[in-house]
Amino acid sequence: MTAKNSQAANLRGELYRRAALDAFKKLDPRRQVRNPVMFVTEIGSLLTTLLWIQALTGKGEAPTGFVGAIALWLWFTVLFANFSEALAEGRGKAQAESLRKARQDTPARRLRSDPANLEEARQVAETISSTRLQKGDLYLVEAGDILPADGDIALGIASVDESAVTGESAPVVRETGGDRSAVTGGTRLLSDWLIVRVSADPGEGFLDRMIAMVEGAKRQKTPNEIALSILLSSFSVVFLVVCATLLPYSQFSVQAAGQGAPITITVLVALLICLIPTTIGGLLSAIGIAGMDRLIQRNVIALSGRAVEAAGDVDVLLLDKTGTITLGNRQAVEFIPVGGVDPRVLAEAAQLASLADETPEGRSVVVLAKEKFGLRGQTMAASEKAPHGMHFIPFTAQTRMSGVDYNGTSIRKGAPDTMMALVQSGGNPLPPDLAPAVDDIARSGGTPLVVARDGQALGVIHLKDIVKGGIKERFAQLRRMGIKTVMITGDNPLTAAAIAAEAGVDDFLAQATPEAKLKLIREYQAGGRLVAMTGDGTNDAPALAQADVAVAMNTGTQPAREAANMVDLDSNPTKLIEIVEIGKQLLMTRGALTTFSIANDVSKYFAIIPAAFASIYPALGALNFMRLATPRSAILSAVIFNALIIIALIPLALRGVPYRPKPAAQLLRDNLLIYGLGGLIAPFIGIKLIDMLLMLLHLV
Amino acid sequence: MNWFGWLQFAIYIFILLVLVKPLGLYMARVYQGERTFLALVLAPVERFFYRLASVKPEEEMNWRIYAGTLLVFNLIGLLFLYLLLRIQHVLSLNPQNFGPVSPDLAFNAAVSFTTNTNWQSYGGETTMSILSQTLGLTVQNFLSAATGLAVLVALIRGLVRHTTDKLGNFWVDLTRSTLYILLPLALILAVALVSQGVVQTFQPAAVVQTLDPTSGAVTQILPLGPAASQVAIKQLGTNGGGHFNVNSAHPFENPTPLSNFLEMLAILLIPAALTYTFGKMVGDTRQGWSILAAMTLLLVLMAGVAIWAESQGNPALASLGIDQSLGNMEGKEVRFGVAASALWATLTTAASNGSVNAMHDSFTPLGGLVPMWMMQLGEVIFGGVGSGLYGMLAFVVIAVFVAGLMVGRTPEYLGKKIEIYEMKMAALIVLIPVLTVLIGTAVALVLPAGRAGIFNAGPQGFSEVLYAYSSAGNNNGSAFAGLGANSVFYNATLGLAMLVARYALIVPVLAMAGSLARKKKVPESAGTLPTHTPLFIAWLIGVIVIVGALSFLPALALGPIVQQLLLGTGRLF
């Protein structure tokens, strides 16, 4: 065993040990009462324990060993259920502890006034405890400091180590203004300095909320969980009355039959606990916690449990084109020369114009020229070609072009309309094949860049959005699940349509503005649909707040993170799809175990009813077709099975029912076969085996 | 038992299913306010009633007002009927000069008829004046059925409508149910029954000379009365309260095989057709057909068991050399035989009708288990007029909820999300009758007053009590007999059970309707659980059977099940 493995095993061992301990702590009736099914079980355990004590004094209604065994296994039933919950919580707790370390009380340098620069800031700073920072305060941090509170950068640019929150060790750049101005308390400044305006009062910061969610301290039952609890409670009420009325029924039957003894309280309690849905009742909260935990493992923090559930219901996914559907940036895919220019000449000019262009688009032009024509080794420094070096002309919003000047030669590349104007202003004619080439590229969803040398058009670079591999299949899966995908993009409708077709999305919103996004979400919601979206910018905040499931990128702005109900620490927009699957899995696990639990009852009746009334009506033995050895072994076997099945199903509850993207009808068929039919048959086998074992060991 | 009995069964199911669509379509048109062919005659009458009662038909009600109006209307009906029975001796149309009905019996009977149960602790021909039968009981036969229909229609509107709190106008639904549906059908059936020899007269009982004076009795009293008109609505309105004590086993209530067939058909006619009405109104007839399929499959299965069990005869009698080739004929009319009796017993308990043409007490244990369990399933296998389908829809909500979870979505039915509130109401609707039956039976078995009414020994005595509360607690009204139910104890507790089973269900149904109506409609997609597939039908049947089996198996084990097992060993009770 490697060191790493043994460490993991130790960790797991520690997790189990703590969960086992917590299982006992959770016996506290004040806690147990939150789960009605298990509360009833606990009362049953208590009652049988009292009956056992009574039996010890020699006045018992049944043999001491039998009552004791029933009482013991009923306690196990409660403990197993508690254990499942504790185990599910344990995983989150470990993570919360590491988070809490990051949120230690740190000194904060609060600023008494609004400074203009670092020097000024140092003068007005006073050191206080981070817990005293209020919303709206300003503070100063310098390299090496831990950020004392959440906030927005008022001044400065710096690199920040956010690994305490994200687990990602690569530093990220944070700067004032724009979409990367949010910082999180508990993270560490690696370089430079920042002046930050606090955005959350102490104890309400992002990290605090995360810890609360992860720990499950603030965990409230979600609507669907409550609805299911109501169903389970009403089953419990029915079975409670079934068992309670069985006492007078059996007393009457004793008189009627003239033989036998009424059903004992021990057997009644055993029957009750076997019948009430302890399996799902015991595992219900573990399922919910584990669902949250699966999100955390994927580095997504749900800020409300309701959002996880809603994720399973989502019918419409709004996906940003860039980063989700396409790779972050456009890439050059083709050089199209015009006016009879040699393609190699065009490629070389394009490469030169892009040498100093550090944007991904620019780099892709260099790479393409290298790949297609073997052009390499160009430098900006002085060389044979350009003895005085090259002078790079950067892109500006005014000129809308960029390029390079050397040796009196000037090369420019830029948007078609500006470049055409440039060519014409130099008195040169536009080659006749230029306009058609530009149109062709635009129509295919690409972006044309025209290249000119010394006022002469050489040709067009075809920049293209690269659709992520496998994304089309993913969307097809979603469609089969009944989820509609909508691409959001700032592109013009022509380009958007082409990319939408290539990526296989169902619909798209082109030239999207924040208002248009918000309107689209409202329209879908008015039609009864649930909408999920991702966002990071401040201008996404209204749409995020409106969406039913809103995932903010952790790199996003504070307003975006506030408006969302989930935060993706990896800032990976594709994860929305996984979130939907986790939401569905959560509901499916609940449904499957409910079906299983109720289906189990049929076999328990066949075990207990003939046994319970054996003395009154021996003829009922005909129902004992499992041929369980004695009435007592039959009842005990059913109780033991009922307890053990909880333990057996813990892994399933924590892992969740496997989810496959299929239409609802097929999912139902599969799950009914496995959990419905399986739930009907499995206990017959289980109870029989336990009975045989009990006989073998002479335990009854 | 011969092939003819099974053929009759098959023909019955066939004719019933053929009638579903035309009648269902007609009822949908009535409730959607569309013009029907009867409007020419009835529309002026309808308008006249509204004017008389100053009801504004276009004024719709939210669920609270709808429920409140319904409860007050039913309460008035209940008080009126009680009073009528208490003072029938001073009123006219009392040719036999019956005295006043005792307070506890009057309470029981008044509750029984207003709740559409029609449990009868009395013999009609020896207790009720003609005025009580016609103005009291028959009127409530119509109104209780119309009440059930109104509740169902409100629930359907809750599913159909969205983002509104209006469920319709109770007075309109009540009037239209009576005027356009119940009255015309009852008229047709009554005339058909009269043609078969069912009596319809205001004459006092006839006194006739017996044919065989050596038997000791020289004269015999033959009770008469306006039976046909009451029998027609008792069958159609799933009421079941007979004019005569022995109900449709009486030759004046059910004289011929044809009248028997028509009466059987009338039991399920409206409940079956309502499934189509439902499908039509929600805009997807497949939804109605799938519910009908679930009901029909369960019915066929259970009727099959009953017919089979009864045709096996009694092994104890067979061992004495008594011919059992006709099946178990104890307590059955020779006019109808085993098949028609067992079929009727299943139908009358499938629907919450409760009329009988044979004595269920004398069925074989297994044959008696069928009607008892059919009631215990909550009267949703067709069930009462209106009430059967709304009860069934509560089961559908529960089935959809669990199945919906299994496909990974917040469950939805017909585009409406099933959330906390709906779950609460559906759970109440399923829960209340079960608790009423179990607790009622327990109380009767514990208290001396309850035990005093039990005439039979062993499990049979237990079954009689269980049957009585199953019947009252599900508003069925049929009886196992053998139980002295006309006592203060039984009249009071069974009356209470009937009240709970009726109104403690109607209120949650309407509350659920109100909540559903306020919701948005979720458009259907591939992720939506389809509720019209064979798989869903099977799942729905599974949920109903499992809930029914799990709730009542222990009780049934101490009654009919053990009795059936003992029958094999030759022990009878």
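Side-chain atoms are counted along with the backbone in the values below, which use heavy atoms only and exclude waters and symmetry mates. Note on naming: letters A, B, ... go to the chains in the order of the sequence lines (proteins, then strands), and numbering restarts at 1 for each one. Given the structure is predicted, the values throughout are model-derived calculations rather than measurements.
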Which one wins on heavy-atom pair count under 4.5 Å against chain B: [options]?
options                                : answer
A:Gly676, A:Pro610, A:Pro223, A:Ala311 : A:Pro223
A:Tyr675, A:Tyr249, A:Phe235, A:Tyr605 : A:Tyr249
A:Ile609, A:Ile616, A:Leu620           : A:Leu620
A:Leu271, A:Ile226, A:Val657           : A:Ile226
A:Asp313, A:Ile608, A:Leu667, A:Asp601 : A:Asp313

Qualifying residue, where the test is side chain to side chain contact (heavy atoms under 4.5 Å, CB included) with B:Arg409 and the options are A:Asp315, A:Val314, A:Asn224: A:Asp315

Those residues of residues 236-245 of chain A, ordered by number, that approach chain B below 4.5 Å (heavy atom to heavy atom):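 Within residues 236-245 of chain A, near chain B: A:Val237, A:Val238, A:Phe239, A:Val241, A:Val242, A:Thr245.
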
Heavy-atom contacts under 4.5 Å, residues 255-262 of chain A to chain B: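 From residues 255-262 of chain A, the residues near chain B are A:Gln255, A:Ala256.
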
Nearest-0.5 Å distance, CD1 of residue B:Ile420 to CG of residue A:Leu228: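 Rounded to the nearest 0.5 Å, the CD1-CG separation comes to 11.0 Å.
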
Between CG on residue B:Leu445 and OG on residue A:Ser253, distance to nearest 0.5 Å: 8.0 Å

Using non-hydrogen atoms and a 4.5 Å limit, figure out which bit of [X] sits close to chain A: side chain, backbone, both or neither.
X        : answer
B:Val402 : both
B:Ile454 : side chain
B:Thr441 : both
B:Val437 : backbone
B:Ile398 : side chain
B:Phe462 : both
B:Val562 : both
B:Lys521 : backbone
B:Lys519 : neither

Select one option (side chain, backbone, both, neither) describing which atoms of [X] are under 4.5 Å from chain B's heavy atoms.
X        : result
A:Ala526 : backbone
A:Arg669 : both
A:Phe613 : side chain
A:Leu623 : side chain
A:Leu668 : both

pair B:Met406-A:Thr595: side-chain heavy atoms closer than 4.5 Å: yes

Contact residues of residues 545-556 of chain B (partner chain A; heavy-atom separation under 4.5 angstrom):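 The list, in residue order, reads B:Ile546, B:Val547, B:Ala549, B:Leu550, B:Ser551, B:Leu553, B:Pro554, B:Ala555.
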
Contacts of B:Glu464 that satisfy salt bridge (charged side-chain N to carboxylate O under 4.0 Å, His left out) - sequence neighbours left out: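 Once residues adjacent in sequence are excluded, B:Glu464 has no partner under the salt bridge (charged side-chain N to carboxylate O under 4.0 Å, His left out) criterion.
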
B:His532 atom NE2, neighbour heavy-atom count above 12 within 6.0 Å: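 Counting other residues, nucleotides and ligands, NE2 of B:His532 exceeds 12 neighbours.
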
Within 6.0 angstrom of A:Gln666 CD, more than 12 heavy atoms from elsewhere: yes

A:Arg529 backbone acceptor or donor facing B:Lys520 side chain under 3.5 Å: no

